[in-house]
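Since this is a predicted model, take the numbers as computed values, not measurements. Convention: sequence-line order gives letters A, B, ...; per-chain numbering from 1.
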Number of protein chains: 4
Amino acid sequence: MGGARTKRMPRAVREQQMLDAAVQIFGRRGYMVASMDEIAELAGVSKPLVYLYLNSKEDLFTACIRREAAALTEAVRAGVRPDLPADRRLWDGLLAFFAHTAEHPEAWSVLHLHARTHGEPFAAEVAAMRAEIVAFVTRLVAIAAREAHQDPDLPEDEVAGLAEALVGAAESLATWANATPGVTARQTAGTMMNFAWAGLGNLMAGQRWVPEPT
Amino acid sequence: MGGARTKRMPRAVREQQMLDAAVQIFGRRGYMVASMDEIAELAGVSKPLVYLYLNSKEDLFTACIRREAAALTEAVRAGVRPDLPADRRLWDGLLAFFAHTAEHPEAWSVLHLHARTHGEPFAAEVAAMRAEIVAFVTRLVAIAAREAHQDPDLPEDEVAGLAEALVGAAESLATWANATPGVTARQTAGTMMNFAWAGLGNLMAGQRWVPEPT
Amino acid sequence: MGGARTKRMPRAVREQQMLDAAVQIFGRRGYMVASMDEIAELAGVSKPLVYLYLNSKEDLFTACIRREAAALTEAVRAGVRPDLPADRRLWDGLLAFFAHTAEHPEAWSVLHLHARTHGEPFAAEVAAMRAEIVAFVTRLVAIAAREAHQDPDLPEDEVAGLAEALVGAAESLATWANATPGVTARQTAGTMMNFAWAGLGNLMAGQRWVPEPT
Amino acid sequence: MGGARTKRMPRAVREQQMLDAAVQIFGRRGYMVASMDEIAELAGVSKPLVYLYLNSKEDLFTACIRREAAALTEAVRAGVRPDLPADRRLWDGLLAFFAHTAEHPEAWSVLHLHARTHGEPFAAEVAAMRAEIVAFVTRLVAIAAREAHQDPDLPEDEVAGLAEALVGAAESLATWANATPGVTARQTAGTMMNFAWAGLGNLMAGQRWVPEPT
DNA sequence: TATGAATGAGTCTTCATTCAT
DNA sequence: TATGAATGAAGACTCATTCAT
């Protein structure tokens with residue numbers, strides 16, 4: 001894989017090869033340390049061709065982020081059937097999420113680790129994806145609240161924070177699972193689901209922890 | 001701020017100034033993008049002096065990580081009174097944690113974002129700090145389990161994953177809070193506490209979510 | 001001379017130009033004082049190209065040493081006809097040696113002066129060349145001994161010292177001739193030949209100088 | 001030795017300590033690679049003191065060369081008794097020379113190797129010493145010529161070349177002996193004496209090697 | 001479509017040297 | 001006599017990027 005330097009391919013194919021290589025290198029080394037030389041070599045192409053198709057290192061990185069973000073959200077979407085109940089939908093989404101991040105560790109590294117480490121051009125790309133996922137979760141939280149017949153007005157801030165906490169926990173777990181051999185996506189999703197759904201349930205049922213006045 | 005080039009200070013003082021500057025720059029730009037020139041200038045010192053005292057960019061970064069990791073764990077430790085009940089200790093720890101990360105956003109950025117993005121010299125430093133915090137959380141989880149009179153043997157894997165999820169959620173929340181104006185440490189800690197304690201409680205009480213067979 | 005910055009040459013040609021320039025600069029200034037900037041400028045090339053082709057200052061210096069050592073030994077070999085008698089072969093070898101060092105004074109400076117002043121990567125390269133020359137001389141000495149019908153066993157140490165002295169004398173003479181205007185290779189070779197062959201002859205004939213007991 | 005940092009010594013003593021250290025370091029590393037830091041540390045003194053006493057790296061190196069050149073010529077002079085015959089004087093001089101270079105290898109390295117590798121300030125210092133030694137040798141050669149009742153007019157060039165060859169051979173032998181364990185000064189002097197005196201004798205007796213016309 | 005040849009700009013790092021005490 | 005604190009200047013090396021074919 002890579003370096004084969006097969007000649008004369010249609011542009012679309014070559015571009016995908018380049019993105020494949022770039023995701024590997026960016027994911028392994030990080031944006032700054034990755035060199036265009038290394039990427040071109042792994043793609044089996046000369047450097048000028050990379051520039052011809054992808055314009056610049058920044059654009060190349062952005063393209064990687066976009067492609068992988070789309071792939072990840074698409075994987076989650078594809079894993080969820082809208083006609084099933086909310087808890088089942090959360091479960092399916094988590095499973096799809098952890099399965100995808102486990103199958104594409106470098107892509108996950110690009111999205112979660114490296115894209116957020118460098119300023120504005122890139123952070124925005126990831127933010128968009130994250131927003132989509134947070135929206136998905138938030139929808140489920142709202143349903144849970146409704147089903148719990150609860151006064152629907154949790155403070156906005158708290159809902160936002162809650163979603164952030166859930167998504168953050170999932171993200172951390174994905175990274176941890178990739179670094180920990182022998183953990184399956186199913187197990188990770190189980191941990192997350194137990195923890196989250198139960199916690200949410202309690203919360204929705206109005207049982208909140210409040211510090212005793214000192 | 002910085003660049004005041006006050007003359008002739010004892011070494012210990014200058015070293016701290018340099019570390020202050022380095023944490024700012026590393027936190028804002030990341031390890032690779034930060035330049036020793038910029039750090040020296042912000043510290044109000046010439047570059048050779050930075051090298052004389054801190055040896056190399058790598059050593060400087062390591063020194064930053066170590067100092068800030070120590071400061072953070074110390075802040076948490078100082079915030080927790082060992083004679084109080086477990087939930088209160090968790091609350092106090094979270095409060096101290098979020099307060100510290102909010103007051104030192106660049107330091108948090110160094111620890112959580114940048115130190116983990118670059119290979120082994122640095123990751124290990126953070127891992128040590130994280131281990132300490134995870135141990136703290138794990139202890140509290142164990143107490144909660146005992147108090148719930150529950151069969152104490154949650155599977156090892158699950159406990160590890162659980163702690164990871166909790167800590168990951170807290171880390172994500174800290175980062176999110178730093179990027180979201182107007183959120184106080186108290187609010188963040190509240191969100192986290194509700195989420196975590198309730199979820200844990202349910203879990204300990206043996207109420208687990210299980211996917212229905214398809 | 002140099003700096004003409006002719007454009008777009010095949011790699012092999014450029015590499016020779018760079019080595020030419022490097023030999024000049026290294027020979028004039030020495031390894032440490034020579035700067036890659038100066039070498040690149042004299043080669044009429046940008047510095048990165050030098051690094052692209054020759055990798056590092058060390059590798060560049062090594063490449064110089066190797067090329068010039070090969071050129072010198074080749075010049076000596078080409079000057080000697082194996083079918084001629086030993087004295088004539090020594091004469092021809094000396095003539096070729098002094099002619100070459102006189103025509104390439106910087107190269108000689110690199111080999112004899114600068115390469116030996118710096119540690120192991122370089123010393124070894126020159127040692128190989130020297131070994132070849134010493135072997136050439138030793139062979140002739142052996143023939144001389146045989147022709148003198150002499151008991152062939154000069155002590156090993158003495159032979160080694162002898163060869164060292166002969167080669168050392170020739171090396172010194174080459175350096176001296178390069179620093180002394182108006183001395184031809186022929187003259188230098190004559191001095192050396194008289195000195196060496198006569199001394200050897202006596203030695204072979206068993207006439208040795210022994211200090212009188214005090 | 002070195003680093004003891006004993007306090008308050010008279011200037012003359014401190015200067016010698018510094019020169020001792022400098023000769024070691026310069027001899028081992030060469031002029032450019034030697035650092036004032038290292039020299040000061042080995043001398044057991046702070047760097048500003050070195051500058052106070054010796055002014056600059058150049059001056060320090062020059063002082064080393066001068067001191068060691070004087071020591072070497074003095075050693076040779078002290079070894080030779082002017083009332084003895086010429087061959088005996090040559091023998092004694094060689095013995096003293098090789099003994100001294102063997103006892104002070106770093107000094108010899110400074111004089112023969114490093115001082116000649118760097119431009120004019122230093123080469124001149126060594127040249128002076130060399131001139132003295134060459135003069136010594138030339139005197140002996142002249143005596144030998146006279147004793148051989150030979151027509152006294154060897155061409156000037158040839159005499160100069162001859163002396164150069166002799167001295168060069170001796171220098172090479174000294175360096176070689178220092179790098180070759182187990183060789184005594186006596187042996188080295190013996191090799192040199194046999195070779196040189198016999199060769200000279202033949203030469204003086206008018207037996208010269210002349211290339212046959214091709 | 002594709003590439004070998006080439007570079008401007010910038011970074012880390014080191015060192016001889018001086019100031020203030 | 002002696003030194004801790006500090007720096008200007010320079011050098012090796014790398015990389016994203018482009019030109020000419």
Side-chain angles (χ1 to χ4, degrees), chain A residues 5-11 13-14 32-40 44-60, chain B residues 5-11 13-15 32-40 44-58 60, chain C residues 5-11 13-15 32-40 44-60, chain D residues 5-11 13-14 32-40 44-53 55-60:
Chain A
R5 203 156 291 234
T6 321
K7 294 268 177 164
R8 304 270 149 182
M9 328 249 310
R11 169 160 184 159
V13 178
R14 269 279 139 91
M32 287 300 297
V33 182
S35 89
M36 296 298 272
D37 272 290
E38 203 179 358
I39 292 171
V45 189
S46 78
K47 231 187 327 173
L49 200 60
V50 178
Y51 278 88
L52 189 62
Y53 286 176
L54 276 322
N55 293 319
S56 72
K57 195 184 187 184
E58 249 189 69
D59 285 6
L60 174 56
Chain B
R5 206 153 290 234
T6 322
K7 295 275 177 140
R8 305 265 147 185
M9 332 248 311
R11 170 169 181 154
V13 177
R14 269 279 137 90
E15 258 184 35
M32 287 300 299
V33 182
S35 94
M36 295 298 272
D37 272 294
E38 203 180 359
I39 291 171
V45 186
S46 76
K47 217 183 345 167
L49 201 59
V50 179
Y51 277 90
L52 189 60
Y53 288 174
L54 276 319
N55 295 320
S56 72
K57 196 182 187 183
E58 238 186 85
L60 175 56
Chain C
R5 205 151 293 233
T6 321
K7 295 275 178 143
R8 304 266 148 183
M9 333 249 311
R11 171 168 182 154
V13 177
R14 268 279 136 90
E15 258 184 35
M32 287 300 298
V33 182
S35 95
M36 294 299 273
D37 273 293
E38 203 179 357
I39 292 171
V45 186
S46 74
K47 215 186 344 171
L49 201 60
V50 180
Y51 278 90
L52 189 61
Y53 287 174
L54 276 320
N55 295 317
S56 71
K57 195 182 186 183
E58 238 185 85
D59 284 9
L60 174 56
Chain D
R5 204 157 289 234
T6 321
K7 296 264 175 162
R8 305 269 150 184
M9 327 251 308
R11 169 160 186 161
V13 177
R14 269 278 138 92
M32 287 301 297
V33 181
S35 90
M36 295 299 271
D37 272 289
E38 203 179 359
I39 291 170
V45 190
S46 78
K47 230 186 329 172
L49 200 61
V50 178
Y51 277 88
L52 189 62
Y53 286 176
N55 294 319
S56 73
K57 195 183 187 185
E58 248 189 70
D59 285 7
L60 174 56

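Here E/dA20 sits opposite F/dT3 as a Watson-Crick or G-U wobble pair (both hydrogen-bonding atom distances under 3.5 Å).
Checked against E/dA6, F/dA6, E/dA2, the side chain of A/S46 finds its nearest nucleotide in E/dA2. Closest contact between the side chain of D/V45 and the listed nucleotides E/dT13, F/dT3, F/dC19 involves F/dT3. Taking only side-chain atoms of A/Y53, from C-beta outward, the nucleotide of F/dT14, E/dA2, E/dA16 with the closest atom is E/dA2. Considering only the side chain of B/L52, F/dA6 comes nearest among F/dA6, E/dT13, E/dA6. Between F/dA6, F/dG11, E/dT13, one nucleotide has an atom nearer to the side chain of C/S35 than all others, and that is F/dG11. The side chain of B/Y51 lies closest to E/dT13, out of F/dT3, E/dC19, E/dT13. Picking from F/dG4, E/dG4, F/dA2 the nucleotide with the shortest atom distance to the side chain of B/R8 gives F/dG4. Of the candidates E/dA16, E/dT7, F/dT7, E/dA16 carries the atom nearest the D/M36 side chain, counting heavy atoms from C-beta on. Proximity note for D/L49 (side chain, C-beta onward) versus F/dA2, E/dC19, F/dT7: the nearest is F/dA2. Proximity note for C/P48 (side chain, C-beta onward) versus E/dT13, E/dT7, F/dT7: the nearest is E/dT7.
If C/S56 and A/N55 are placed on DNA chain F by their nearest nucleotide, the residue sitting closer to the 5' end is C/S56.
Checking each of C/D37, C/L60, C/N55 against C/V50 for a side chain to side chain contact (heavy atoms under 4.5 Å, CB included) leaves exactly one that passes, namely C/L60.
Counting non-hydrogen atoms under 4.0 angstrom, B/R11 reaches the backbone sugars and phosphates but no base.
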